[in-house]
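Report on one structure; see the data block that follows.
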Amino acid sequence: MPYLVTSDQAKIAYDDVGQGRPLLLVHGWATHAGFFRPQMDGLSQNFRIINVDLRGHGRSRAAAGDLSIDLLARDMVELADHLDLADLLVVGWSMGAMVLWRALLDGLLSRAAGMISIDMAPRVINGDGWDLGLRGSSAAKSARQSQAAMVANWPAVGPRVASRIFAEGREVEQAILRRWAETEVAHSDPVAMARLWTSLTAQDFRPLLAGISVPVLVTHGKLSRLYSQDTARALASLLADAGTVGFERSGHAPHLEEPDLFNSTLTRFAATLPPPGGADATGAGWDEPAGAQ
């Protein structure tokens, strides 16, 4: 498996498979690249897939010191430069979307053709006139309190985080997937996750997103336990060129819960972008697929 050795000597693990337009997949907080397995399996015949374990996650263990959204974004810029990627379609799930927003604003935009975000808010914590962040979140609960709870009791916090990924009402149908996710999240480093949570919850991208000029498809699960459908609409309104797609049977992770529909949606969105080389797009614009709206 290849690694990027970053400018500060961290080792970032990634998979690089398939051929075609490069597709950079960036996972969410406390997960890892394996949460994009259905995309690795289903899309590698038509895309060159670069699937990353973010610093502090999976095979890319945290180095000593800070762990922040800015640092993860810098890693993504360095990786794209290292691989000399162009005409990228970038896909960010949850925190991964935030990492990519920062990376695009910090230099990745010149290498990107488009972006897909998966069930994420431009600001995670509610307060000060914003109520479209995480359900039940509040600025009154300090980052220090959250950090302490994670470090002290990750065996309880981890499974609770994993269970909220999936749609309410599909517990029996998704039981195997949910147990797998709980096991994987439980393996995360609680100290690293606590440090990163502090950075994640401090971000507010609302005044910054207009600077992302590439087309963005804002996707979300209509049964998400974390964010309302209004969050996706609000996010799209802040971007220069964005549309939305909601997945009827998904919670926070449509790429895992409805993988075939998600993959076909991604493929159809990619067809609307200028192909590698800068020629006119072959697609006739974005139309939502059957089963998602």
Side-chain angles (χ1 to χ4, degrees), residues 1-7 11-28 31-55 57-60 72-118 120 212-219 239 241-242 245 254-255 259 262-283 286:
M1 115 198 24
Y3 284 89
L4 166 72
V5 179
T6 67
S7 56
K11 288 181 68 176
I12 307 300
Y14 63 95
D15 301 297
D16 187 349
V17 300
Q19 56 187 352
R21 180 192 292 276
L23 179 63
L24 176 62
L25 304 176
V26 183
H27 63 78
T31 64
H32 56 67
F35 283 71
F36 279 116
R37 175 53 60 185
Q39 287 63 57
M40 294 279 288
D41 293 341
L43 295 171
S44 60
Q45 290 187 345
N46 297 309
F47 294 90
R48 176 188 175 187
I49 300 177
I50 298 94
N51 191 16
V52 184
D53 276 330
L54 291 169
R55 183 185 296 231
H57 298 75
R59 300 161 295 178
S60 303
L72 300 185
R74 190 185 74 189
D75 292 342
M76 296 305 97
V77 175
E78 289 193 22
L79 178 61
D81 289 346
H82 172 71
L83 297 175
D84 195 22
L85 301 174
D87 298 301
L88 263 171
L89 175 55
V90 297
V91 179
W93 171 39
S94 194
M95 183 193 71
M98 189 172 277
V99 170
L100 285 172
W101 296 333
R102 183 74 268 165
L104 289 167
L105 293 167
D106 287 351
L108 189 62
L109 194 60
S110 64
R111 295 184 176 276
M115 176 179 179
I116 297 177
S117 66
I118 307 173
M120 188 51 176
I212 296 175
S213 55
V214 295
V216 180
L217 185 62
V218 176
T219 69
L239 291 155
D241 181 4
V245 168
H255 62 294
F262 182 87
N263 289 354
S264 65
T265 300
L266 182 153
T267 299
R268 294 178 70 251
F269 177 67
T272 71
L273 304 174
D280 291 337
T282 56
W286 173 251

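- The shortest non-hydrogen separation linking F269 to P215 is CZ-O, 3.8 Å.
- For S94, the side-chain hydrogen bond (donor to acceptor under 3.5 Å, both in side chains) partners at least two apart in sequence or on another chain are H252.
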Working for side chain to side chain contact (heavy atoms under 4.5 Å, CB included), residues I50 and L79: CA-CA 10 Å; I50 298 94; L79 178 61; 4.0 Å; yes

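- Residues V52 and L25 form no side-chain contact, since every pair of their non-hydrogen atoms from C-beta on lies 4.5 Å or further apart.
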Yes or no on side chain to side chain contact (heavy atoms under 4.5 Å, CB included) for L43 and I49, after CA distance, side-chain angles and deciding distance? CA-CA 8 Å; L43 295 171; I49 300 177; 3.9 Å; yes

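- Remark: of the listed residues V90, L88, V91, V91 is the sole one forming a side-chain contact (heavy atoms from CB on, under 4.5 Å) with L23.
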I would like to know whether L54 and I12 meet side chain to side chain contact (heavy atoms under 4.5 Å, CB included); could you show each step before the answer? CA-CA 7 Å; L54 291 169; I12 307 300; over 6 Å; no

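- Annotation: side-chain hydrogen bond (donor to acceptor under 3.5 Å, both in side chains) contacts of S7 (sequence neighbours excluded): E78.
- Annotation: the span from M95 atom CE to M98 atom CE amounts to 9.5 Å, rounded to 0.5 Å.
- Under the salt bridge (charged side-chain N to carboxylate O under 4.0 Å, His left out) criterion, R59 pairs with D15, D53, not counting sequence neighbours.
- Of the possible donor and acceptor atoms, one in the side chain of R21 sits under 3.5 Å from a partner among the backbone N and O of D87.
- Remark: the backbone N or O of H255 is paired with a side-chain donor or acceptor of Q39 at under 3.5 angstrom.
- The two residues N263 and G42 come nearest to each other via the heavy atoms ND2-CA, 4.0 Å.
- In this view, D81 and R111 satisfy the side-chain hydrogen bond (donor to acceptor under 3.5 Å, both in side chains) rule, not counting sequence neighbours.
- For Y14, the ring pair (Phe, Tyr, Trp, His ring centres under 6.0 Å) test picks out no residue, with sequence neighbours left out.
- Under the salt bridge (charged side-chain N to carboxylate O under 4.0 Å, His left out) criterion, R48 pairs with D16, not counting sequence neighbours.
- Closest approach of D106 and V77 over heavy atoms only: O-CG2, 4.2 Å.
- Residues that satisfy the side-chain hydrogen bond (donor to acceptor under 3.5 Å, both in side chains) test with T31, not counting sequence neighbours, are H27.
- Applying the side-chain contact (heavy atoms from CB on, under 4.5 Å) test to P254 and every residue at least two apart in sequence or in another chain returns I118, F247, S250, F262.
- Nearest heavy atoms, V218 versus S117: CA-OG, 3.5 Å.
- Within the model, atoms CE of M115 and CG of L217 stand 10.5 Å from one another, a figure rounded to the nearest 0.5 Å.
- The aromatic rings of F36 and W93 sit perpendicular, their planes meeting at an angle over 60°, well past the 30° parallel limit.
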The test is side chain to side chain contact (heavy atoms under 4.5 Å, CB included); show your working for T219 and I116 and say whether it passes. CA-CA 7 Å; T219 69; I116 297 177; 3.8 Å; yes

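- Summarising the geometry of A270 relative to L89, their closest heavy-atom pair is CB-CD2, 3.9 Å, with the distance given to 0.1 Å.
- When atom types are taken as modelled, the side chain of H82 and the backbone of A80 share no donor-acceptor pair closer than 3.5 angstrom.
- Of all the heavy atoms in A113 and V214, the pair that sits closest is O-CB, 3.8 Å.
- Between atom CZ of residue F47 and atom OG1 of residue T267 there is a gap of 4.5 Å, rounded to the nearest 0.5 Å.
- Annotation: side-chain contact (heavy atoms from CB on, under 4.5 Å) contacts of S213 (sequence neighbours excluded): L109.
- Applying the ring-ring contact (aromatic ring centres under 6.0 Å, His included) rule to pairs touching residues 98-118 yields W101-F205, sequence neighbours excluded.
- Between the CG atom in L4 and the CG atom in L83 there is a gap of 7.5 Å [rounded to 0.5 Å].
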